[in-house]
Amino acid sequence: MPITVATWNINSIRARLPEACAWLREAQPDIVLLQETKAEDHNFPAMEIEDLGYNLALHGQKTYNGVAILSKHRIEDVTRGLPTLPENTDARYIEGLISLKGIRDWGLGIGKDILTSNPQPLIPTLRVASIYVPNGGEVGSEKFGQKLRFLEALRLHAETLLLQDEMLALGGDYNVAPADMDVYAPAALRGTTCFHPEEQKRLRALEYLGLTDAFRARYPDRQQFSWWDYRSSGWEHNKGMRIDHLLLSPQAADALEDAGIDDTPRGKPKASDHAPVWCRLGVGC
DNA sequence: ATGGTCGGTTGCCGA
């Protein structure tokens, strides 16, 4: 049974609740990683989301930031905040272990890896994180430095996570477009926030650890954006960037069946400025 | 060379 994992910068869960619920009902993702929920945990519209069949893990904050994990499967082992950046109290990182109970018959080896005979967990798991990388403000500003340091701290933590040899999906608003084809006007935008070589270098450093950009791995030549500026009618002119990503561990990338960006919610009234990015992983039989 | 538009609990700031 395949499972679908999506990441979506929702830009306020309360302002966007009907639109978010409509998409959840329509797309039926198993796991959703939300950013910019902009709500403290006691203000998160939990019942409305739970009624759609999701368990929640929240790391909220007033006015700014806020991340969440929605999952149709159990969420265990939740961590809030990047362990490698303890001084940062912004709600920009939440991690959890999804127990894929009920998805039986992991692989062909009945509890063993068919080639190595290594014992495999009886219940398959997928570790996920919902990540909201700082926007960075002006290039060279204090905020820009914080963005670069956040990306470095994320790399350091990802290094530890990858030692676990698990299925892992690090999803979120990275606020970095990886390459020229990921922005509408590379020449004009080069060196600006979200398309700066120092940001791209740090995003690639994550990939060098062995993490795979799900969308780009599946569609090497496709130009599709995940964010369009409200200002200057970015959506209407398709002036966008691909800055939301799902980075997969080797174990998850091996299970990658498909990926995409669902830009239909972006064209609707009261839309977030970001579109959901998703991938489908083949888990079990 | 600078504005445009959103969301928050707001008379501005962050994106």
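Predicted, not measured: the structure shown is a model, and the values here were computed from it. We name chains A, B, ... by the order of the sequence lines, and we start the count at 1 in each one.
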Student: Whole Å only: how far is the NZ atom of A/Lys270 from the P atom of B/dG7?
Tutor: 5 Å
Student: Could you give the distance separating B/dA1 and B/dC6 at their C1' atoms, to the nearest angstrom?
Tutor: 23 Å
Student: Under 4.0 Å: is that the gap between some side-chain N or O of A/Arg16 and OP1 or OP2 of B/dG7?
Tutor: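 Answer yes for this pair, as a side-chain N or O of A/Arg16 is under 4.0 Å from OP1 or OP2.
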Student: Measure OH/A/Tyr64 against P/B/dC12 and give the value in whole Å, please.
Tutor: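 The distance from OH of A/Tyr64 to P of B/dC12 comes to 13 Å, rounded to the nearest Å.
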Student: Cation-pi check, A/Lys72 to A/Tyr54: give yes when NZ or CZ is under 6.0 Å from the six-membered ring centre and within 45° of the ring axis, no otherwise.
Tutor: yes
Student: Using the side-chain heavy atoms of A/Tyr230, tell me which of these nucleotides is nearest: B/dG4, B/dC6, B/dG8.
Tutor: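 Taking heavy atoms from C-beta onward, the closest nucleotide is B/dC6.
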Student: Write down the distance separating the C1' atoms in B/dG3 and B/dA15, rounded off to the nearest Å.
Tutor: 15 Å
Student: For the residue pair A/Arg242 and A/Phe225, would you count it as a cation-pi contact if the rule is NZ or CZ under 6.0 angstrom from the ring centre and within 45 degrees of the ring axis?
Tutor: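 No, A/Arg242 and A/Phe225 do not form such a contact.
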Student: Could you say whether A/Lys62 or A/Gly137 is positioned toward the 5' end of DNA chain B, judged by the nucleotide with the nearest heavy atom to each?
Tutor: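 Its nearest nucleotide lies further toward 5', so the answer is A/Lys62.
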Student: Specify the separation, in whole Å, of atom NE2 of A/His42 and atom P of B/dT9.
Tutor: 10 Å
Student: Nearest of B/dG4, B/dT9, B/dG7 to any side-chain atom of A/Arg231?
Tutor: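 Closest of the options to the side chain of A/Arg231: B/dG4.
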Student: Distance between the C1' atoms of B/dT10 and B/dT5, in whole angstroms?
Tutor: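 Straight-line distance between the two C1' atoms is 16 Å.
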Student: A/Asn65 has an atom CG; how far is it from atom P of B/dG7, in whole Å?
Tutor: 17 Å
Student: Indicate whether OP1 or OP2 belonging to B/dT9 is found under 4.0 Å from a side-chain N or O atom of A/Arg14.
Tutor: yes
Student: Step by step, would you call A/Tyr184 with A/His237 a ring-ring contact (aromatic ring centres under 6.0 Å, His included)?
Tutor: CA-CA 10 Å; A/Tyr184 66 93; A/His237 303 116; 9.9 Å; no
Student: When the ring centroid of A/Trp23 is compared with that of A/Trp8, is the distance short of 6.0 Å?
Tutor: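 Yes, ring centres under 6.0 Å apart.
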Student: Do the side-chain N or O atoms of A/Lys143 get closer than 4.0 angstrom to the phosphate oxygens (OP1, OP2) of B/dG14?
Tutor: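 Affirmative; the distance criterion is met.
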Student: Taking CG from A/Leu17 and C1' from B/dG7, how many angstroms apart are they, rounded to a whole number?
Tutor: 15 Å
Student: Whole angstrom is fine here: how far is it from CG in A/Asn11 over to C1' in B/dC13?
Tutor: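 Distance, rounded to whole Å: 14 Å.
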Student: What integer number of Å spans the C1' atoms of B/dT9 and B/dG14?
Tutor: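 It comes out at 15 Å once rounded to the nearest Å.
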Student: Starting from P on B/dC6, measure out to CG on A/Asp229 and report it in whole angstrom.
Tutor: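 Going from A/Asp229 (CG) to B/dC6 (P), I get 10 Å.
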Student: I need the CG-P distance between A/Asp273 and B/dG4, as an integer number of Å.
Tutor: 17 Å
Student: Relative to the 5' end of DNA chain B, which residue comes earlier, A/Tyr132 or A/Thr37, by the nucleotide with the nearest heavy atom?
Tutor: A/Thr37
Student: I'd like to check A/Ile98 versus A/Thr125 (side-chain heavy atoms, cut-off strictly below 4.5 Å). Are they in contact?
Tutor: no
